[in-house]
Structure formats: C-alpha cells, structure tokens
Amino acid sequence: MSAYQDLLKRLGVHLDTEALRLALTHRSYAYEHPGAAHNERLEFLGDSVLGLSITAHLYEEFPELSEGQLAKLRAAVVSSKALARVARSIELGQHILLGEGEIKTNGRDKTSILADTMEAIFGAVYLSCGLETARELVLRLVAPLIHDKDAIGAGMDWKTIVQEHAAAHKMGEIRYSVEGVGPDHARSFTATLIIGGVTYGSGTGPSKKDAERRAAEVTWDQIDPKRAR
C-alpha cells in the first residue's frame with residue numbers, strides 16, 4: 001500500500017488496496033494480464049456521482065442562472081479536459097496501471113485516460129465510503145474549476161450566456177461595436193459589448209468572433225449574479 005500513500009493523501013480519503021487498485025487499472029493493463037479486472041464499471045458509476053454532485057452544487061450556488069446556462073457550465077466543469085486537469089494536479093497519471101502499448105504512447109498523460117480514471121476514483125470512493133464522502137471529494141477537487149476561466153473557458157459559450165441573461169432580466173438590446181486594425185495578414189479586432197445602451201466589457205482577438213467572445217466573457221464577469229451577491 002505504500003506506493004499509494006501519496007495519492008491517498010492528495011485525495012484525502014481512505015480506500016483499501018483492492019478498491020484503489022481497481023480504480024487505477026486501465027483496460028489495456030487488464031487485457032495484458034488475464035484475470036485482472038479493469039475500471040470501466042467504476043468509471044460508469046463515478047460519472048453519475050460526479051454529475052449529481054456538480055449539478056446540485058451549481059443549482060445551489062447560481063440561483064439566477066437558467067437551466068440552459070447551468071447545463072453549459074456543468075458540461076464545461078465535468079468535461080474530459082477539466083477532469084484531466086484535476087488528475088494532473090494530484091499526479092494521478094503515475095499511479096495508473098497501463099498496458100505496454102499505452103505506456104509507450106505516453107498514456108499516463110492522455111486526457112481521456114486521466115479523465116476516465118478520475119471518474120473511476122469517484123466511483124470507488126462512493127462504494128467504499130458512501131455518497132457524502134464521494135460528494136465532498138468531487139466538490140473539493142472539481143468545484144473550484146467553476147471559477148477558473150483557464151480550465152473551463154474554452155467550453156463556455158459566453159455570448160449565448162450573456163444573451164440569455166440579458167433577455168431574462170430585460171436589460172435591453174445587445175450589440176457589439178467592433179473595430180479592426182493592422183494589415184490584412186495580421187488583423188486584430190477589438191469588440192465592445194453594449195446592452196441597453198450601457199457599455200460593458202471589451203475584448204481583443206484575431207477575428208471578430210474571437211473579440212466578441214472575449215468581450216462577452218469580460219461582461220459576464222461584470223454581471224455574473226454570483227459575483228453580485
């Protein structure tokens with residue numbers, strides 16, 4: 001068990017050797033070791049534990065957001081990219097049991113493998129320690145990403161989120177004022193979002209679309225109901 005002590009310390013939970021080893025066993029390892037079980041069933045279970053925990057947390061933390069906005073935020077937070085980020089932060093990859101082929105292709109740092117193993121960990125904790133402990137683990141490791149734009153920004157449709165919020169709160173007409181500078185081969189655009197005649201955030205990008213998206217993201221930081229409370 002000593003090989004797993006550091007990982008368990010980072011997780012902050014107690015799991016027996018058998019449960020943890022199963023959660024860490026990728027199917028490629030099981031295929032090369034006849035009789036060994038792999039973690040896909042735990043991954044299936046952990047996915048539900050993760051989804052329930054994050055959904056309930058978002059529902060409680062963001063009472064002003066619509067169902068559509070909550071769904072988009074949840075999708076970004078529980079994405080493979082986000083889960084792999086969590087897995088790397090606790091150095092999960094070095095503990096995953098992989099087949100030789102996956103080891104040779106740097107499987108320990110593959111986003112899909114890291115994310116799937118993270119879900120399997122949640123599943124194992126649920127079975128061994130109960131839903132409350134598993135929920136606490138999810139919230140401690142994954143919930144902080146909700147406010148980490150680097151972690152979830154690429155998965156969020158900020159323009160739609162701002163548009164839906166403005167419509168729901170009758171803030172007025174939305175429009176973007178866009179200006180471009182520089183030669184055609186190196187054009188840069190700056191967009192400013194105006195809602196109901198009030199100027200909000202601005203953003204810069206290599207295309208009008210990128211600039212508008214950035215302006216919407218900055219605007220959401222200004223009108224985010226969570227920040228206003």
Checklist entry - So, for Ala76 and Ala82, which heavy atoms are closest and what is the spacing to 0.1 Å? => result O-CB, 3.5 Å

Next on the checklist: For Arg140, give me all partners under salt bridge (charged side-chain N to carboxylate O under 4.0 Å, His left out), at least two apart in sequence or on another chain.
Outcome noted: none

Checklist entry - What distance do Ile223 atom CD1 and His169 atom NE2 have between them, rounded to the nearest 0.5 Å? => result 9.0 Å

Next on the checklist: Please report the interatomic distance CG(Leu58) to NZ(Lys72), rounded to the nearest 0.5 Å.
Outcome noted: 13.5 Å

Item to check | CA sep, side-chain torsions, deciding dist, call: Glu67, Arg74, salt bridge (Lys or Arg N to Asp or Glu O under 4.0 Å) | outcome: CA-CA 10 Å; Glu67 180 272 339; Arg74 178 182 60 191; over 6 Å; no

Next on the checklist: Apply salt bridge (Lys or Arg N to Asp or Glu O under 4.0 Å) to residues Glu18 and Arg21 and explain how you reach the verdict.
Outcome noted: CA-CA 5 Å; Glu18 183 178 352; Arg21 182 181 176 85; over 6 Å; no

Checklist outcome for this item: CD1 (Ile174) and CD (Glu164) are apart, to the nearest 0.5 Å, by 10.0 Å

Checklist entry - Between His165 (side chain) and Ile161 (backbone), is there a donor-acceptor pair under 3.5 Å? => result no

Checklist entry - Atom CG of Leu137 and atom CG of Leu141: how far apart are they, to the nearest 0.5 Å? => result 4.5 Å

Checklist outcome for this item: Nearest heavy-atom contact between Val162 and Ala216 is CG2-O, 3.4 Å

Next on the checklist: Tell me every residue that passes salt bridge (charged side-chain N to carboxylate O under 4.0 Å, His left out) with Asp109, counting only those two or more places apart in sequence or in another chain.
Outcome noted: Arg88

Item to check | From CA spacing to verdict: side chain to side chain contact (heavy atoms under 4.5 Å, CB included), Leu83, Thr111 | outcome: CA-CA 8 Å; Leu83 290 180; Thr111 294; over 6 Å; no

Item to check | Closest contact, heavy atoms only, His95 versus Glu91 | outcome: CD2-O, 3.4 Å

Checklist outcome for this item: Closest non-hydrogen atoms of Ser28 and His26, given as atom of the first, atom of the second and distance, are OG-ND1, 2.8 Å

Next on the checklist: Do Leu70 and Thr55 have side chains that approach each other closer than 4.5 Å (heavy atoms only, starting at C-beta)?
Outcome noted: no

If you look only at distance, which donor and acceptor atoms sit under 3.5 Å apart when one is on a side chain in residues 33-47 and the other is two or more places apart or in another chain?
unit_1: His33; atom_1: ND1; unit_2: Tyr29; atom_2: O; d: 2.9
unit_1: His38; atom_1: ND1; unit_2: Glu40; atom_2: N; d: 3.3
unit_1: Asn39; atom_1: ND2; unit_2: Ala23; atom_2: O; d: 2.9
unit_1: Asn39; atom_1: ND2; unit_2: Thr25; atom_2: O; d: 3.4
unit_1: Glu40; atom_1: OE2; unit_2: Arg27; atom_2: NH1; d: 2.8

Next on the checklist: Hydrophobic cluster membership, with links at side-chain heavy-atom distances under 4.5 Å among I/L/V/M/F/W/Y: are Ile103 and Ile96 in one?
Outcome noted: yes

Checklist entry - Which residue pairs satisfy the salt bridge (charged side-chain N to carboxylate O under 4.0 Å, His left out) criterion with at least one member in residues 94-108, sequence neighbours excluded? => result Glu102-Lys110

Checklist entry - How far apart are the closest heavy atoms of Gly182 and Arg187, and which atoms are they? => result O-NH1, 2.6 Å

Item to check | Contact check, side chains of Leu193 and Val218, non-hydrogen atoms, under 4.5 Å | outcome: no

Next on the checklist: Please say yes or no: joined through hydrophobic side-chain contacts below 4.5 Å, possibly via intermediate residues, are Ile194 and Phe189 part of one cluster?
Outcome noted: no

Item to check | Test salt bridge (Lys or Arg N to Asp or Glu O under 4.0 Å) applied to Lys209 and Glu212, step by step | outcome: CA-CA 5 Å; Lys209 182 178 180 180; Glu212 289 178 355; over 6 Å; no

Checklist entry - So do Lys208 and Tyr176 actually touch side chain to side chain, heavy atoms under 4.5 Å? => result no

Next on the checklist: I need the full list of side-chain hydrogen bond (donor to acceptor under 3.5 Å, both in side chains) pairs touching residues 193-205, with sequence neighbours left out, sorted by first then second residue.
Outcome noted: Thr190-Thr204, Thr192-Ser202

Item to check | Heavy-atom side-chain contact between Leu15 and Tyr4 under 4.5 Å | outcome: no

Item to check | Verdict with supporting geometry, Leu145 and Arg85, side chain to side chain contact (heavy atoms under 4.5 Å, CB included) | outcome: CA-CA 9 Å; Leu145 298 182; Arg85 184 185 180 99; 4.0 Å; yes

Checklist outcome for this item: The reported gap from CD in Glu32 to CG in Leu97 (rounded to nearest 0.5 angstrom) is 11.5 Å

Considering only distance and modelled atom types, tabulate donor-acceptor pairs under 3.5 Å from the side chains of residues 113-130, sequence neighbours left out.
unit_1: Thr117; atom_1: OG1; unit_2: Ile113; atom_2: O; d: 2.8
unit_1: Ser128; atom_1: OG; unit_2: Ala124; atom_2: O; d: 3.2

Item to check | Gap separating the CZ atom of Arg10 from the CG atom of Leu8, nearest 0.5 angstrom | outcome: 10.0 Å

